[in-house]
Amino acid sequence: MPSFDGASDQPMTTCARDLEAVARLYMRAGFRDGLRPAQWQAMRFFADNPGESLTEFARHRHSTTGSASVVVSALVKRGYLARQTRYSSRNVGIQLTEAGRAALEQDPIKELVAALQALPEEQLANFRQTLAQLRQDLSERIEDDEN
């Protein structure tokens with residue numbers, strides 16, 4: 001874990017707090033229509049990857065299969081996802097239903113997309129590059145901390 005030396009870290013701390021505030025705003029928007037952010041993420045994942053497995057969804061969201069199963073089960077109960085047996089009872093694919101597709105019309109990620117679309121093209125290109133680097137660096141730091 002890096003150390004902070006006060007004044008020289010202030011601009012980075014402010015920037016990190018701003019990024020955290022944006023993430024919190026977006027996450028707050030994810031509690032919509034009785035759904036949670038992880039459930040929106042699941043519906044997007046299975047919309048983009050029809051028939052994919054629970055294990056792949058868990059891998060995608062960097063969670064345990066147990067945690068992913070809770071998310072998927074709640075969406076199956078609501079009729080937004082459906083489990084389909086592929087080759088055996090242990091090989092189950094998950095599909096987005098018509099009700100799930102309709103729910104995705106209200107997906108809170110659309111607000112984030114709209115905010116990004118409002119940025120000038122050059123600024124957006126720079127932001128995408130910076131965000132990709134931040135994601136990679138943070139992922140490596142977290143993986144290093146877990147090992």
Side-chain angles (χ1 to χ4, degrees), residues 1-84 92-147:
M1 187 66 77
S3 63
F4 298 101
D5 67 1
S8 67
D9 292 322
Q10 189 59 38
M12 291 303 108
T13 300
T14 299
C15 186
R17 288 180 178 167
D18 287 346
L19 185 58
E20 179 185 44
V22 168
R24 286 182 184 276
L25 280 170
Y26 171 68
M27 292 304 285
R28 187 173 70 199
F31 290 92
R32 169 182 295 171
D33 295 334
L35 295 170
R36 298 173 179 268
Q39 292 170 323
W40 290 108
Q41 182 187 30
M43 288 195 297
R44 285 191 297 270
F45 176 82
F46 290 110
D48 293 342
N49 303 281
E52 196 53 85
S53 69
L54 179 68
T55 302
E56 282 307 310
F57 172 58
R59 216 174 268 137
H60 168 77
R61 65 186 303 252
H62 305 282
S63 74
T64 64
T65 53
S67 175
S69 180
V70 169
V71 171
V72 167
S73 293
L75 292 169
V76 168
K77 276 185 187 172
R78 291 185 72 153
Y80 294 149
L81 295 178
R83 290 185 173 101
Q84 296 182 330
V92 176
I94 300 167
Q95 301 281 339
L96 186 69
T97 65
E98 286 304 316
R101 262 186 257 304
L104 276 177
E105 291 299 316
Q106 302 303 315
D107 189 348
I109 205 166
K110 290 180 177 187
E111 292 178 36
L112 186 56
V113 169
L116 290 168
Q117 287 173 331
L119 294 173
E121 197 170 317
E122 185 178 327
Q123 192 176 357
L124 181 59
N126 290 336
F127 180 70
R128 289 180 69 186
Q129 228 177 355
T130 301
L131 195 57
Q133 186 65 51
L134 279 172
R135 183 177 182 178
Q136 180 181 341
D137 289 354
L138 188 57
S139 178
E140 289 171 4
R141 288 173 189 275
I142 289 171
E143 286 175 11
D144 286 348
D145 286 348
E146 291 175 351
N147 293 328

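Every value quoted in this text rests on a predicted model; they were computed, and no experiment measured them. Note that these values count all heavy atoms, side chains included, but never hydrogens, waters or copies made by symmetry.
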Run the side-chain hydrogen bond (donor to acceptor under 3.5 Å, both in side chains) test on Glu140 and Gln136 for me, step by step, so that the C-alpha distance in whole Å, both residues' side-chain angles and the decisive distance to 0.1 Å come before the verdict. CA-CA 6 Å; Glu140 289 171 4; Gln136 180 181 341; 3.3 Å; yes

Criterion side chain to side chain contact (heavy atoms under 4.5 Å, CB included) on Val72 and Ile94, from CA distance to verdict: CA-CA 9 Å; Val72 167; Ile94 300 167; 3.8 Å; yes

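When atom types are taken as modelled, the side chain of Arg128 and the backbone of Gln123 share no donor-acceptor pair closer than 3.5 angstrom. When atom types are taken as modelled, the side chain of Ser67 and the backbone of Ser63 share no donor-acceptor pair closer than 3.5 angstrom. At distances below 3.5 Å, at least one donor-acceptor pair connects side-chain atoms of Thr130 with backbone N or O atoms of Asn126.
Gln117 contributes atom CD, which lies 10.0 Å from atom CG of Leu112 (distance to the nearest 0.5 angstrom). Rounding to the nearest 0.5 Å places CZ of Phe31 at 12.5 Å from CH2 of Trp40. Atom-to-atom distance recorded for Leu19:CG and Leu131:CG is 7.5 Å, nearest 0.5 angstrom.
Residues passing the salt bridge (Lys or Arg N to Asp or Glu O under 4.0 Å) test with Arg32 are Glu111, sequence neighbours excluded.
Among residue pairs with one or both ends in residues 94-107, those qualifying as side-chain hydrogen bond (donor to acceptor under 3.5 Å, both in side chains) are Arg44-Asp107, Gln84-Gln95, Glu98-Arg101; sequence neighbours excluded. For the ring pair (Phe, Tyr, Trp, His ring centres under 6.0 Å) condition, the pairs that include at least one residue of residues 46-66, sequence neighbours left out, are Phe45-Phe57, Phe45-His60, Phe46-Phe57.
Here the closest non-hydrogen pair linking Gln39 and Leu35 is OE1-CA, 3.3 Å.
For the residue pair Arg83/Ser73, the side-chain donor-acceptor check at 3.5 Å is satisfied.
The shortest side-chain heavy-atom distance between Val92 and Leu54 does not fall under the 4.5 Å cut-off.
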